[in-house]
Amino acid sequence: MAGEAPELSAQERAGKAFPVSWDQFHRDCRALTWRLNEVGPFHAVIAITRGGLVPAAIVARELGVRVIDTVCIASYDHNKQGDLQVLKGISEAAMKLGGGTGKGLLIVDDLVDTGKTGKLVREMLPDAHFATVYAKPMGRPLVDTFITEVSQDTWIFFPWDTALSYHPPLRDGAA
Ligand SMILES: O=P(O)(O)OC[C@H]1O[C@H](OP(=O)(O)OP(=O)(O)O)[C@H](O)[C@@H]1O
Ligand SMILES: O=c1[nH]c(=O)c2nc[nH]c2[nH]1
Ligand SMILES: [Mg+2]
């Protein structure tokens, strides 16, 4: 309606920014794998797409796991969370490897925020190990292993979503 303030996106509501470079992300994924190496071995990695694909590739490479499956879930349209949509479920072959409950499977995602995505996948694989690179407080209880916690009012900017651009000096009012 005319005159109404536009609804803020999740990213705008977050307020604080946590930009992550490719280099930092690779290091954080390696650090995550050091921890996961103590927990495994794992029969397969289940990547929550799309964000989980990048850490899943790095973690699987480091752990020597060659079976990788996806569970395809969409929730944030750009940066606003809508209803969760399962676009593709876990394959029969991966389900079999996890004995139907996910035992010995490793679920990987880039982050947990509200925890809605993680909760849905945990329900599909209750005995799997769930790992994320980053965690916000609301989603943290759902995760078995993660590397860095950021506050709930922080938006994480991943390298595949961003590009280098000019940033004005602080004294000119830049955040
Ligand atoms: O804990 P939650 O509040 O559920 O949010 C976390 C999820 O949100 C992002 O995925 P998104 O749905 O944006 O899709 P994408 O991975 O394809 O970018 C992120 O990759 C996590 O999967
Ligand atoms: O790029 C992203 N950064 C975030 O902090 C976030 N939270 C949910 N979904 C997200 N996507
Ligand atoms: Mg995702």
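Each ligand, and each atom within it, is numbered from 1 in the order the structure gives. Along the sequence shown, residues carry numbers from 1. Source: prediction; values computed, not measured.
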Side chain, backbone, both or neither: which applies to [X] and ligand 1 if a contact is any heavy-atom pair less than 4.0 Å apart?
| X | result |
| --- | --- |
| Asp109 | side chain |
| Thr49 | backbone |
| Asp113 | both |

Parallel, tilted or perpendicular: which describes the rings of Tyr134 and Phe18, with under 30° parallel and over 60° perpendicular?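 Perpendicular: the ring planes of Tyr134 and Phe18 meet at over 60°.
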Mark up the atoms of ligand 1 that fall under 4.0 Å of a heavy atom belonging to [X], in ascending order.
| X | answer |
| --- | --- |
| Val112 | 1 (O) |
| Asp110 | 19 (C), 20 (O), 21 (C) |
| Gly115 | 1 (O), 2 (P), 3 (O) |

Would you indicate whether Lys88, at its atom NZ, is surrounded by more than 12 heavy atoms from other residues, nucleotides or ligands within a distance under 6.0 Å?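 It does: Lys88 NZ has more than 12 such atoms within range.
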Give a yes or no on whether a salt bridge exists between Lys119 and Glu123, defined as a side-chain N under 4.0 angstrom from a carboxylate O.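 So Lys119 pairs with Glu123 through a salt bridge.
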So, Arg122 and Asp144, do they make that salt bridge, N to O below 4.0 Å?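 A salt bridge links Arg122 with Asp144.
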Would you say [Y] ends up clustered with [X] if hydrophobic residues are merged whenever their side chains have heavy atoms under 4.5 Å apart, either directly or through other cluster members?
| X | Y | answer |
| --- | --- | --- |
| Leu111 | Leu36 | yes |
| Val112 | Leu32 | no |
| Val67 | Val121 | yes |

Quick check: does Ile73 get an N/O under 3.5 Å from an N/O on ligand 1?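 By distance alone, the answer is no.
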Geometric N/O contact Gly51 with ligand 1, under 3.5 angstrom: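 N/O-N/O distance under 3.5 Å: yes.
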Is there a polar contact, in the sense of an N or O pair closer than 3.5 Å, between Leu111 and ligand 2?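 No, since none of the N or O atoms of Leu111 sits under 3.5 Å from an N or O of ligand 2.
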Examine the proximity of ligand 2 to Ile156 and report which part, side chain or backbone, both or neither, has a heavy atom under 4.0 Å away.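 Both backbone and side chain.
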Checking contacts here: is it the side chain or the backbone of Phe158 that comes within 4.0 Å of ligand 2, counting heavy atoms only? Could be both or neither.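 Just the side chain.
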Trp22: ring-ring contact (aromatic ring centres under 6.0 Å, His included) partners, not counting sequence neighbours: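 With neighbours one apart ignored, the set is Trp160.
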Just jot down the ligand 2 atoms closer than 4.0 angstrom to any heavy atom of Lys136, in number order.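 Listed by number with element: 4 (C), 5 (O), 7 (N).
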Give the atom numbers and elements of ligand 2 that come within less than 4.0 Å of a heavy atom of Asp113.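 Listed by number with element, the hits are 6 (C), 7 (N), 8 (C).
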If you define the side chain from C-beta out and look only at heavy atoms, does anything of Lys116 sit under 4.5 Å from Ser75?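 Result no, sub-4.5 Å side-chain heavy-atom pair not found.
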